[in-house]
**Student:** 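Got a structure here, written out as structure tokens. Questions coming.
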Amino acid sequence: MPALYDPLNALTPGSGEPHPPSYWTATAGAAPPDDGAVPAAADADVAIIGGGYTGLSCAYHLARDYGIHAMVLEANQAGWGCSGRNGGFARAAIGRHSYAKMIELWGRDTARKIFRESLAALQNVRDLVRDGGIDCNALETGHLKIAHRPGRAPALLREAELLQRDFDYPAEFLDAAELQQTHIGGTQSHGALRFPDAVAVHPLKLAHGMLALARASGATVHSASAVTACTKSGSTHVLTTPGGTVRARTVVMATNGYTPEHLHSCVRGTTLPVLSHIIVTRPMSAAEKNGSGFRTGHVLTDTRNLLYYWRRLPDDRILFGGRGLVTDTLEGRAQQRDFLLAELQAKLPALRDITVDYDWWGWVCLTADFLPHVGCAADDPSVHYALGYQGSGVSYALYAGKLLAQRIAGDGPVHAAHPVMTPLPRFPLAALRRHGQRALYYWYRWRDLSG
Ligand SMILES: Cc1cc2nc3c(=O)[nH]c(=O)nc-3n(C[C@H](O)[C@H](O)[C@H](O)COP(=O)(O)OP(=O)(O)OC[C@H]3O[C@@H](n4cnc5c(N)ncnc54)[C@H](O)[C@@H]3O)c2cc1C
């Protein structure tokens, strides 16, 4: 079966495509207006490629905080990429490393700085939602990282102790009995690490809210405006779109997992787009709710390397997501949907008769060092980027957009020794990224079955 779309091969993710038929699309209501396709020719101070949380937040902060006119160029619709199709877990998270690994890599002070920034990013979501009056069903909750096998619980206890000791953070360890009594039952609830801070949101409504805020502040947001070429004439960037050409002094790559490999040299060989698939079930019956012991409103992940993430939605449906496919094929999509349902039922056997009403997928962005990066091209300080959220970008992408705006306006903070602010690394043997991913997935699957 041939692959359908892969950012590593395609020049753009489409042109004017509608949002995928997800639960979020079905419940978001009408999108606020945008500025349509780029007219024949246009000038902007800053041209931002990508209309997700990163691009919209950057445009909003440039306009509101610095009076700089930004033009967002989105291939499809605002929020069409990950921002309109994620699980809606806004968490304090930066990159993929465990907290112990952060201390090992950077020392305690830098690890603490990164952790504080992840909390600031989460607070930024709350502030945007409150101050911007964004109606995105935001719910203050917590996050539980659940031991999917008994042998994984002791590491969670150690992580809770480390968070309390080294980060002054009130994380808690819940043993299996407490977890099952208070939050969720089933066969794979062997204890949990509880983070008291998380916000559950409707991700597409949040993207719509950011679109409206950006435009109200003075930015323009163009849909159906895929950038197919990005060249430079003197000090002016020239971006080609189907509707017309945009000339700008500064360019921002805000394309994350949808970054076209060949659009600009500063991102070539730096991203690994990875598929993540979500199912949403029909609402649970009263018997299913009791049988599964699914009481919690917390957002949930487990201790797998190829982790599952799930939450109970306000209408008693379950959203359940995970990774697994390397390439996007029609056959693979159908298999992944069935596989995810079987995995949910293995966790919660009381849901043996539950059915799936929606499923969809998107491209998450990994980087070679498992960290997001906010920076600019080595050979051209007028080309900026923020990407690589490792599947945890609801809060950090919005925050990174703000950091980008500060950098572009020359208004720091540029955090000298901050690992997120270091240059985006290239993958070694970049041409073999997909082969490496396949090998890693085999290894991860094997590891997830042990311990
Ligand atoms: C299934 C799934 C579940 C997820 N769940 C969570 C979660 O629960 N919590 C969490 O924190 N994170 C989650 N994430 C990750 C999170 O959604 C992303 O990190 C975040 O939305 C990234 O935002 P962004 O604006 O950088 O990128 P995106 O929202 O992906 O936006 C990039 C945009 O760039 C556009 N683009 C690309 N190329 C071009 C071009 N040439 N011209 C014009 N436009 C272009 C694309 O069309 C796209 O709309 C999930 C991701 C997926 C896929």
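FYI, side chains are in, hydrogens and waters are out, and symmetry mates aren't considered; it's all heavy atoms of this structure. Just follow the structure's listing: the first ligand is 1, and inside any ligand the first atom is 1. Here the structure is a predicted model, which is why all the values come from computation and not from measurement.
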**Student:** How far is atom 21 (O) of ligand 1 from its nearest protein heavy atom, and which residue and atom name does that atom have?
**Tutor:**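 For atom 21 (O) of ligand 1, the nearest protein heavy atom is Ser83 OG, 3.0 Å.
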
**Student:** So, regarding Val227 and ligand 1 (criterion: nitrogen or oxygen to nitrogen or oxygen, under 3.5 Å), is there a contact or not?
**Tutor:**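 Right, the criterion is met.
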
**Student:** I'd like the name of whichever of Gly50, Pro13, Ala226 reaches closest to atom 39 (C) of ligand 1 through any heavy atom.
**Tutor:**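 Minimum heavy-atom distance to atom 39 (C) of ligand 1 goes to Pro13.
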
**Student:** Any chance CZ of Arg268 has more than 12 other-residue heavy atoms, nucleotides or ligands included, within less than 6.0 Å?
**Tutor:**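 Atom CZ in Arg268 is crowded, with more than 12 foreign heavy atoms closer than 6.0 Å.
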
**Student:** With nothing but distance in play, are any N or O atoms of Thr259 less than 3.5 Å from an N or O of ligand 1?
**Tutor:**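 Looking only at distances, the answer is no, because the N/O contact criterion of under 3.5 Å is not met.
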
**Student:** Going by ring-ring contact (aromatic ring centres under 6.0 Å, His included), Tyr358 matches just one of Trp24, Tyr23, Phe320. Which one?
**Tutor:**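 Result: among Trp24, Tyr23, Phe320, Tyr23 is the only option passing the ring-ring contact (aromatic ring centres under 6.0 Å, His included) with Tyr358.
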
**Student:** Residue-level breakdown please: for Ile49 versus ligand 1, do any non-hydrogen atoms fall below 4.0 Å on the side chain, on the backbone, on both, or on neither?
**Tutor:**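 Side chain only; the backbone of Ile49 stays clear of ligand 1.
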
**Student:** If you measure every N/O of Gly393 against every N/O of ligand 1, is any gap under 3.5 Å?
**Tutor:**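 Between Gly393 and ligand 1, an N or O pair is found under 3.5 Å apart.
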
**Student:** Among Ala90, Ala229, Gly362, which one puts a heavy atom closest to atom 53 (C) of ligand 1?
**Tutor:**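 Looking at heavy atoms only, the winner is Gly362.
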
**Student:** Suppose we measure from atom 33 (C) of ligand 1 to each protein heavy atom; which comes out shortest, and what is that distance?
**Tutor:**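 So the nearest neighbour among protein heavy atoms is Glu74 OE1, 3.5 Å.
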
**Student:** Does an N or O from Ser276, backbone or side chain, lie closer than 3.5 Å to an N or O of ligand 1?
**Tutor:**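 No, Ser276 has no N/O under 3.5 Å of an N/O on ligand 1.
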
**Student:** Tell me the protein heavy atom at minimum distance from atom 8 (O) of ligand 1, and give that distance in Å.
**Tutor:**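 Minimum-distance protein heavy atom for atom 8 (O) of ligand 1 reads Phe89 N, 3.1 Å.
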
**Student:** Is it the side chain, the backbone, both or neither of Leu263 that has a heavy atom closer than 4.0 Å to ligand 1?
**Tutor:**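 Side chain only; the backbone of Leu263 stays clear of ligand 1.
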
**Student:** Is ligand 1 under 4.0 Å from a heavy atom in the side chain of Tyr258, in the backbone, in both, or in neither?
**Tutor:**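 Under 4.0 Å from ligand 1, Tyr258 contributes backbone and side-chain atoms.
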
**Student:** Scan for salt bridge (Lys or Arg N to Asp or Glu O under 4.0 Å) pairs involving residues 3-16, sequence neighbours excluded, and state none if there are none.
**Tutor:**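 Matches after skipping sequence neighbours: Asp6-Arg434.
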
**Student:** Who gets closest to atom 43 (C) of ligand 1 by heavy atom: Ala198, Ala75, Ser22?
**Tutor:**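 Going through Ala198, Ala75, Ser22 one by one, Ala75 has the nearest heavy atom to atom 43 (C) of ligand 1.
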
**Student:** Just heavy atoms, cut-off under 4.0 Å: does Arg91 contact ligand 1 by side chain, backbone, both, or neither?
**Tutor:**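 Under 4.0 Å from ligand 1, Arg91 contributes no heavy atoms.
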
**Student:** Determine whether more than 12 heavy atoms belonging to other residues, nucleotides or ligands lie under 6.0 Å from atom NZ of Lys232.
**Tutor:**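 For Lys232, atom NZ is crowded (more than 12 foreign heavy atoms under 6.0 Å).
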
**Student:** Rounded to the nearest 0.5 Å, what separation is found between the CD atom of Glu74 and the OG1 atom of Thr241?
**Tutor:**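 Here the rounded value is 12.0 Å.
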
**Student:** Among all the protein's non-hydrogen atoms, which is closest to atom 30 (O) of ligand 1, and how far away is it?
**Tutor:**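 Here the closest protein heavy atom is Cys82 N, 2.9 Å.
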
**Student:** Counting only heavy atoms from other residues, nucleotides and ligands, does the tally under 6.0 Å from CZ of Arg447 exceed 12?
**Tutor:**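 Incorrect, the count does not exceed 12.
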
**Student:** Select the closest option to atom 32 (C) of ligand 1 among Pro203, Ala254, Ser392, judged by heavy-atom distance.
**Tutor:**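 Looking at heavy atoms only, Ala254 sits closest to atom 32 (C) of ligand 1.
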
**Student:** Would you call Gly321 a ligand 1 contact, heavy-atom distance under 4.0 Å?
**Tutor:**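 No, that is not the case, since the closest heavy atom of the residue is not under 4.0 Å from the ligand.
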
**Student:** Phe427: which residues meet the ring pair (Phe, Tyr, Trp, His ring centres under 6.0 Å) condition with it, sequence neighbours left out?
**Tutor:**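 Here no residue qualifies.
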
